[in-house]
Protein chains: 2
Amino acid sequence: MRLDHGFERAFDPRAVAVVGVSRSADKKHPGYSGLQFLRMLRGSGYKGQVCPVNPKADEIEGVRAYPSLAAVPEPLDLVIVTVPPASVPGVLEDCAAAGALNVHICTAGFGETGEAEGRGLDEVMREIALREGLRVVGPNCMGLHVPSVGLRMYEGLPLLQGPVAFLSQSGSLVHVFIAFASTLGVGCSKAISYGNALVMDAPDFLEYLATDPETQVICMYLEGIKDGRRLTELVRRITPQKPVIVWKSGLTESGARASASHTGSLAGDRQIWDAFFRQSGAIRVGSVGEMADLAMTFLRLRPSVGFRAAVLASGGGSNVASGDICGEEGLDVPAPSPETRARLMDFVPLINQSVVNPMDVPGVLTDIRLLKRALEILAADPVINIILLHPDTLLLGFIRGKSAEAIAELGEYVSDFARQNRDGKPIVAAMQPHEMVVVTEGLAQELREAGITVYSSLSRACRALNRFAGYYSSLAEGGEGAWPRRSPPKETSPAL
Amino acid sequence: MRLDHGFERAFDPRAVAVVGVSRSADKKHPGYSGLQFLRMLRGSGYKGQVCPVNPKADEIEGVRAYPSLAAVPEPLDLVIVTVPPASVPGVLEDCAAAGALNVHICTAGFGETGEAEGRGLDEVMREIALREGLRVVGPNCMGLHVPSVGLRMYEGLPLLQGPVAFLSQSGSLVHVFIAFASTLGVGCSKAISYGNALVMDAPDFLEYLATDPETQVICMYLEGIKDGRRLTELVRRITPQKPVIVWKSGLTESGARASASHTGSLAGDRQIWDAFFRQSGAIRVGSVGEMADLAMTFLRLRPSVGFRAAVLASGGGSNVASGDICGEEGLDVPAPSPETRARLMDFVPLINQSVVNPMDVPGVLTDIRLLKRALEILAADPVINIILLHPDTLLLGFIRGKSAEAIAELGEYVSDFARQNRDGKPIVAAMQPHEMVVVTEGLAQELREAGITVYSSLSRACRALNRFAGYYSSLAEGGEGAWPRRSPPKETSPAL
């Protein structure tokens with residue numbers, strides 16, 4: 001179905017009904033119940049009316065309850081349905097009668113079970129929804145997460161606001177994404193978990209997000225899609241304005257089997273999805289982590305069509321491995337110019353360190369005075385347009401062994417440099433969390449706050465930077481996207 | 001060169017000389033100095049004689065010092081050389097004169113600098129070593145790490161003993177490997193960091209490790225090799241007795257550049273190395289972590305030529321992704337038999353959970369009673385020959401939220417089951433460390449101690465199990481190794 005005007009009210013509802021709210025938590029069913037939605041609406045800063053529906057209660061946890069949707073006097077911008085599967089069609093009829101057209105069906109147990117009963121219910125629900133013009137999110141999903149108005153998808157999920165939307169068939173992956181993205185400082189405009197996509201599918205939600213002024217970057221987790229052609233066309237139209245980052249799962253035999261039983265989705269053929277990515281300009285990723293990394297990159301770095309990175313690393317063997325990772329992930333790591341090499345070798349010893357690129361320079365990464373000189377030299381070198389700091393696990397351990405003051409001093413200097421050079425070359429860092437190095441996340445936060453973009457490994461940094469540059473390169477060429485690229489693209493604009 | 005009889009004494013030396021020991025730590029050069037080697041020999045349980053050599057000192061930190069190697073009365077089984085590059089040839093002559101033929105040259109600054117001076121010194125050193133029959137480890141390396149006799153490569157490096165040897169051109173990767181492998185409970189027989197491989201190269205050390213009774217699994221980190229044919233033949237001969245796990249780096253342009261400046265190695269052509277892996281039966285990995293995972297697998301699991309895994313996971317979307325990971329990494333995850341499916345569905349609800357494989361069963365993973373039933377059912381199913389537990393990040397967070405007693409009870413039960421089923425199907429677990437889930441490593445240790453093999457992610461579990469099964473499958477077929485395989489091999493022996 002196409003979205004009717006009125007769906008946007010679901011994201012800023014004046015009143016929300018929750019149908020199927022028990023008076024006490026049901027210990028037998030540990031899944032999310034109506035009561036849990038009620039509690040989240042009340043505990044997350046939501047300012048509108050909350051209307052629990054339960055024919056046997058006048059009041060639930062101090063909130064006035066209604067025997068039916070018909071009894072609710074407010075115009076309902078959103079109805080959350082948590083009754084058992086067989087009762088859902090009746091609730092949909094009630095929604096239509098009450099003029100409440102935005103319906104989130106949380107309840108599971110339909111087509112995804114593979115049983116005749118569930119499939120029959122699907123048919124009945126689809127008929128009602130289409131006949132009455134219901135805008136149904138679900139079934140079998142967690143619905144909406146809108147930090148700006150206090151709609152929360154899971155208890156305890158961060159409400160950090162920002163310009164990134166996440167559209168996902170899976171609720172638990174919304175949880176993982178929002179929680180992880182928050183640690184990167186990446187906030188959310190809207191997240192939508194839409195499960196089985198009975199009547200509204202990814203393109204319907206995409207149309208809404210395309211015009212949503214709060215959303216600048218769109219992330220999607222897809223298991224299946226009904227109208228692939230429409231999705232391709234839509235993404236192709238959106239992508240010049242807003243990057244669309246897509247994780248498509250279920251492309252192996254066992255993944256497809258899991259997908260069918262999760263959301264009843266037909267995962268589809270690998271070649272068809274390859275064509276989708278080629279034709280639509282969607283940016284392909286393979287995990288929630290890569291998706292958050294890339295969203296962070298779009299929020300933090302200025303547009304660039306290519307990266308020639310200077311990689312400041314440490315540890316001889318690790319440095320060789322770093323070179324391989326950059327090469328395999330398509331990040332361009334050029335040999336330094338003779339001038340830069342000569343200037344660096346004024347203070348980097350020939351022995352046990354190295355200024356070929358990637359550079360094995362533990363001395364530079366642990367001495368503020370030397371780091372300052374190195375950053376200035378690299379900032380002046382036109383061959384280089386991004387500086388990537390990559391202290392290895394051992395060096396992070398060494399940094400942890402230093403006093404807290406020494407760490408703070410180091411962080412402060414790099415931060416100062418980054419601040420003073422906000423219009424200059426970006427500085428990013430890759431720091432692998434490791435059981436030996438608990439300090440990493442604290443250090444990472446400190447650097448992030450100072451304007452340095454921090455990734456959790458070199459591979460992930462390369463992947464995000466490669467796809468980021470690929471997106472802008474594709475736009476500059478006016479061509480279709482085809483990412484990730486495996487080798488550096490030719491540059492079509494001057495270095496940053 | 002071929003190893004002469006006598007090299008094995010270097011690994012259990014009655015006396016060690018360290019040439020170039022300052023009386024106080026040199027703040028200007030943060031690299032490892034002779035004094036640091038002296039301190040490590042004294043502080044790591046080494047029982048033999050330690051003989052520092054310094055022409056200007058009678059005694060260093062309470063140890064009698066000698067003016068020259070000639071002045072040392074003991075027969076020296078190992079000489080560690082840390083003097084500046086230009087002085088090394090003279091020390092080699094002294095070693096020869098003193099009959100001390102096992103020499104570790106720690107000093108760097110030779111061919112790897114790319115300068116004429118360093119290359120000239122290489123020639124001189126090579127001539128002396130070959131003329132005098134010196135068994136030179138290095139130069140530009142950290143030498144030997146032998147926990148059983150208290151030879152330690154780096155300050156603070158664990159001395160956990162075990163049957164895994166690590167042969168590495170890089171010293172820092174020995175550090176990372178030993179530290180990480182220790183957290184997995186994987187101990188070391190011998191580690192050798194051999195840097196530039198001036199006269200003794202990987203095959204020479206391999207010949208020693210092949211006959212070393214303390215070594216059952218051989219791991220190698222290679223940047224370059226002089227005699228590829230000899231290495232191939234040697235690995236082919238060793239591999240039926242001891243698996244040889246190899247990480248070859250420097251196969252990209254930037255990796256090769258870093259390799260040349262690290263150990264002066266020519267990294268070689270990708271196709272040549274592909275042929276090496278095909279012909280030799282060496283097992284290919286791409287990082288220290290994968291290497292340690294695989295070594296752990298060889299130590300903990302009984303030989304098997306194939307795995308058909310039941311994957312007990314959690315979270316709908318994560319479960320689809322899990323299926324993809326297993327499929328891409330070549331782990332066989334078959335649909336359960338109708339009987340197993342029916343028996344599991346006695347207690348796994350049809351709604352919101354799933355027993356297709358991978359199985360989305362959060363209820364089972366958090367309820368001891370249900371887990372017990374599931375493990376018993378899967379243990380009885382001949383289709384399945386390994387059980388892989390894969391609670392996702394959210395479930396680990398949930399487990400953390402439970403009381404310490406509940407966690408302990410869960411760990412205890414799974415452990416009990418694993419203990420009682422030591423001769424049955426192996427149980428392994430994949431648990432992704434994550435900033436949100438600090439509990440993981442403690443839980444992992446607990447499970448490891450109970451006989452469950454724990455990997456730090458599902459991908460890494462699949463990779464290790466795939467290569468492990470591939471090794472035994474190749475042996476069973478009497479053919480050459482060609483790993484990793486991308487699809488499950490046909491099984492040539494009954495299920496475990």
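Every chain is numbered from 1 and lettered A, B, ... according to where its sequence line falls, protein lines coming before strand lines. Computed from heavy atoms alone, side chains included, the values below leave out hydrogens, waters and symmetry copies. Nothing here was measured: the structure is a model prediction, and the numbers come from that model.
Heavy atoms of B:Pro334 lying under 4.5 Å from chain A belong exclusively to its backbone. With a 4.5 Å cut-off on non-hydrogen atoms, A:Glu223 touches chain B through its side chain but not through its backbone. Residue A:Ala313 does not touch chain B at all, counting heavy-atom pairs closer than 4.5 Å. In this structure, chain A has heavy atoms under 4.5 Å from both the backbone and the side chain of B:Asn319. Contacts between B:Ala260 and chain A at a heavy-atom distance below 4.5 Å are absent for every atom of the residue.
With sequence neighbours left out, A:Thr107 forms a side chain to side chain donor-acceptor pair (under 3.5 Å) with no residue at all.
Counting heavy-atom pairs closer than 4.5 Å to chain B, the top-ranked of the candidates A:Gly315, A:Ser170, A:Gly250 is A:Gly250. Ranking A:Asn357, A:Thr263, A:Leu251 against chain B, the residue ahead of the rest is A:Asn357, based on heavy-atom pairs under 4.5 Å. Among B:Gly109, B:Ser249, B:Gly316, the residue making the largest number of heavy-atom pairs under 4.5 Å with chain A is B:Gly316. Listed options A:Ser318, A:Ser322, A:Gly118 were ranked by heavy-atom pairs under 4.5 angstrom with chain B; first place goes to A:Ser318. No other option in A:Gly114, A:Ala258, A:Gly289 has as many heavy-atom pairs under 4.5 Å with chain B as A:Ala258. Between chain A and the residues B:Gly363, B:Ser261, B:Ser354, B:Ser287, the most heavy-atom pairs under 4.5 angstrom are made by B:Ser261.
A distance of 8.5 Å separates CG in A:Asp324 from OG in B:Ser259, rounded to the nearest 0.5 Å. Taken to the nearest 0.5 Å, the OG1 atom of B:Thr113 stands 14.0 Å off from the CD atom of A:Gln353. Here B:Cys326 contributes atom SG and A:Glu253 contributes atom CD; the two are 12.0 Å apart, rounded to the nearest 0.5 Å. A distance of 7.5 Å separates OG of B:Ser172 from CG of A:Asp360, quoted to the nearest 0.5 Å. In this structure, CG on B:Asn352 lies 7.5 Å from SG on A:Cys106, to the nearest 0.5 angstrom.
In this structure, B:Trp247 and A:Ala321 approach most closely via the heavy-atom pair CZ2-CB, 3.5 Å. Scanning both residues, A:Pro85 and B:Ile351, for their nearest heavy atoms gives CG-CD1, 4.1 Å.
Proximity of a side-chain donor or acceptor of A:Thr252 to a complementary backbone N or O of B:Gly323 within less than 3.5 Å is detected. Side-chain N or O atoms of A:Ser254 include none that pairs as donor or acceptor with a backbone N or O of B:Pro358 at under 3.5 Å.
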Begin from the C-alpha positions of B:Arg257 and A:Val333 and carry the test side chain to side chain contact (heavy atoms under 4.5 Å, CB included) through to its verdict.
CA-CA 10 Å; B:Arg257 191 166 54 232; A:Val333 183; 4.2 Å; yes
